[in-house]
Amino acid sequence: RRQSNPKPDILWSTWELLDKNNILETLTSVTVDQGTSYRIVTAEASTQMKTQFLGSIGFPTFEVTARGVAEESLGDAEISLVLDISGSMGSNQKMSRLRTAAQDFIDTVVLDDTLGAVSVNIVPYTAQVNAGAAIMDNLDVTRLHGFSSCVNFETEDFASTTISPTKHYTQAPHFELYSSGSGTVTNPSCPMRSYEEITAYSQNRSALKSQIGQLQDRANTSIHIGMKWGVGLLDPAFAPVVTKLIAAGKSDPAFAGRPAAFGGGALKTVILMTDGVNVNTYGIRDGAYGTPSQRYHWHENALVNWVNNNVDSDMRDDFYYVRSTSSNADSLLSNVCTAAKNKGVLVWSVGFEVSNHGASVMRSCASSDSHFFRVEGVEISEAFQSIARELNQLKLTQ
């Protein structure tokens, strides 16, 4: 749009510099052409210069004109939206409010004139993150089952941002810890529905908003695993996987070559949201998950329910164990947040109706106190919109 008054669009320091050097009065016009992804400032100036020798023939001065153009244009941006879909999100309208806030966020950051520049990753997380078959099949993971596609990370993995296609990972068992019904698994720790899988490097507003609109609350909370995937998708080590996702039609061809190198000019950012705190997470012991029939059994029967009903109390520890305590999970989250910030990733965090402990953990993860939002109720939409507006400003680079 054209603006008749350019002064608000020019830095005051620059304006004052022109004034102090008596240049401001020479400006004949300043126009600003601005859209959501660009700003072009055109300045024209004119002044009369005295002549040394031409005055005697009637030319004591002559006009000198100058014209300059400064342009700000959209830089590349890689965004990971890491969303808590754990069971507690089912209370107090939190899930529906998250859906609205996240969908509005997509509408604000993915615009017609940002196509090819702004990529979005959606990472829903509960006790685990379902990478989806397309991603898992392009990592070095030995598949134990086809029920879901979650990866077990080890402690050292949280000290870096990397999820490498050349490192061997183990597939997480597919099971439900408890069941409130007959024992049939409907709410596994690794979410198994297609809309619960990671979406990587998309700019399809309709598809992104549709996925967000289907999210349901389930299982427990492992914030550190969600964050690990959020930053791992931004690490350049993941680029070979994105190349294969594009070839398979799972990611947008406009983002070939992403993730960009750290420090390569692309804005890399994670928006991490939770409504709770990390809790103890559990695993099934190898001896109870070693055969196809055992794996199928746990696909059909909730772990603790079945063990408590069918196994002597002194043998129950042979079936499952605490894989990570809540305090250990907090430590792992801190490690991966630090690794991301050290790489220049901008980290925003949103604590949605969290406890004081949860707020402290999320504030520590954020890039600064001003990048942390503690919100209640409909305030979550305000937080997401504030982040989106700030990102739209940061994407404009000189």
Side-chain angles (χ1 to χ4, degrees), residues 76-85 102 105 109 118-126 128-132 135-136 138-139 141 150-167 169 172 197-202 221-242 245 251 255 257-274 278 324 328-351 361-368 371-372 387 391 394:
D76 291 339
E78 300 171 3
I79 301 171
S80 285
L81 196 56
V82 183
L83 304 177
D84 185 344
I85 59 168
F105 176 89
V109 299
V118 177
S119 60
V120 177
N121 307 314
I122 302 291
V123 183
Y125 72 92
T126 60
Q128 259 288 0
V129 171
N130 189 343
I135 289 178
M136 179 171 277
N138 288 294
L139 296 175
V141 181
C150 290
V151 173
N152 276 336
F153 294 114
E154 303 302 328
T155 297
E156 61 269 19
D157 293 321
F158 293 90
S160 77
T161 58
T162 303
I163 297 177
S164 171
T166 62
K167 177 178 179 176
Y169 300 99
E197 298 176 0
I198 289 173
T199 292
Y201 289 89
S202 173
T221 309
S222 293
I223 310 170
H224 59 303
I225 299 177
M227 184 62 177
K228 174 63 183 180
W229 273 107
V231 300
L233 291 165
L234 304 180
D235 190 293
F238 204 74
V241 179
V242 176
L245 292 176
S251 293
F255 303 124
R258 293 197 182 189
F262 288 119
L267 171 67
K268 294 176 181 280
T269 188
V270 175
I271 299 92
L272 175 66
M273 170 269 159
T274 189
N278 282 314
S324 178
N328 181 59
D330 284 350
S331 177
L332 297 179
L333 175 62
S334 177
N335 290 347
V336 72
C337 291
T338 298
K341 290 181 284 190
N342 286 344
K343 290 289 189 178
V345 176
L346 184 64
V347 180
W348 307 81
S349 63
V350 179
V361 169
M362 293 294 280
R363 180 182 290 108
S364 177
C365 179
S367 287
S368 72
H371 291 86
F372 166 67
I387 295 169
L391 287 177
L394 291 172

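Everything quoted here is computed from the prediction, not taken from an experiment.
- Although no hydrogens or angles enter the test, the distance criterion places a donor-acceptor pair under 3.5 Å between the side chain of Asn121 and the main chain of Tyr201.
- In terms of modelled atom types and a separation under 3.5 Å, the side chain of Asn278 and the main chain of Ile223 share a donor-acceptor contact.
- With sequence neighbours left out, the side chain to side chain donor-acceptor pair (under 3.5 Å) criterion links Ser164 to Thr166.
- Distance CG/Leu81 to CG/Leu233: 12.0 Å, rounded to 0.5 Å.
- For Ser160, there are no side chain to side chain donor-acceptor pair (under 3.5 Å) partners two or more places apart in sequence or in a different chain.
- Every residue meeting the ring-ring contact (aromatic ring centres under 6.0 Å, His included) condition with Tyr169, not counting sequence neighbours, appears here in chain and number order: Phe153.
- Looking at heavy atoms from C-beta onward, Leu391 lies in side-chain contact with Ile271 at the 4.5 angstrom threshold.
- For Thr221, the side chain to side chain donor-acceptor pair (under 3.5 Å) test picks out Ser86, with sequence neighbours left out.
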(request) Please assess Phe105 against Ile79 for the test side chain to side chain contact (heavy atoms under 4.5 Å, CB included), listing each intermediate value before the final yes or no. (result) CA-CA 11 Å; Phe105 176 89; Ile79 301 171; 4.2 Å; yes

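- Interatomic distance, CZ of Phe372 versus OG of Ser364, reported as 10.5 Å (0.5 Å rounding).
- Under the rule for a salt bridge (Lys or Arg N to Asp or Glu O under 4.0 Å), Glu156 has no partner lying at least two apart in sequence or in another chain.
- Using a 4.5 Å heavy-atom cutoff, the side chains of Trp229 and Ile135 are in contact.
- For the side chain to side chain donor-acceptor pair (under 3.5 Å) test, no residue two or more places apart in sequence or in another chain qualifies with Thr126.
- Judged by distance alone, the side chain of Ser80 and the main-chain N or O of Val231 form no donor-acceptor pair under 3.5 Å.
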Throw together a table of side-chain donor-acceptor distances under 3.5 angstrom for residues 234-242, partners on residues two or more places apart or in other chains.
| unit_1 | atom_1 | unit_2 | atom_2 | d |
| --- | --- | --- | --- | --- |
| Asp235 | OD1 | Ala237 | N | 2.8 |
| Asp235 | OD2 | Thr161 | OG1 | 2.5 |
| Asp235 | OD2 | Thr162 | OG1 | 3.2 |

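- Applying the side chain to side chain contact (heavy atoms under 4.5 Å, CB included) criterion to Val361, with sequence neighbours excluded, gives Asp330, Leu333, His357.
- For residues 260-274, the set of pairs meeting the salt bridge (Lys or Arg N to Asp or Glu O under 4.0 Å) definition, not counting sequence neighbours, comprises Glu78-Lys268.
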Which atom pairs, one a donor and one an acceptor, fall under 3.5 Å between side chains of residues 342-349 and the rest of the protein, sequence neighbours left out?
| unit_1 | atom_1 | unit_2 | atom_2 | d |
| --- | --- | --- | --- | --- |
| Asn342 | ND2 | Thr338 | O | 3.4 |
| Trp348 | NE1 | Thr269 | OG1 | 3.2 |
| Ser349 | OG | Met362 | O | 2.7 |

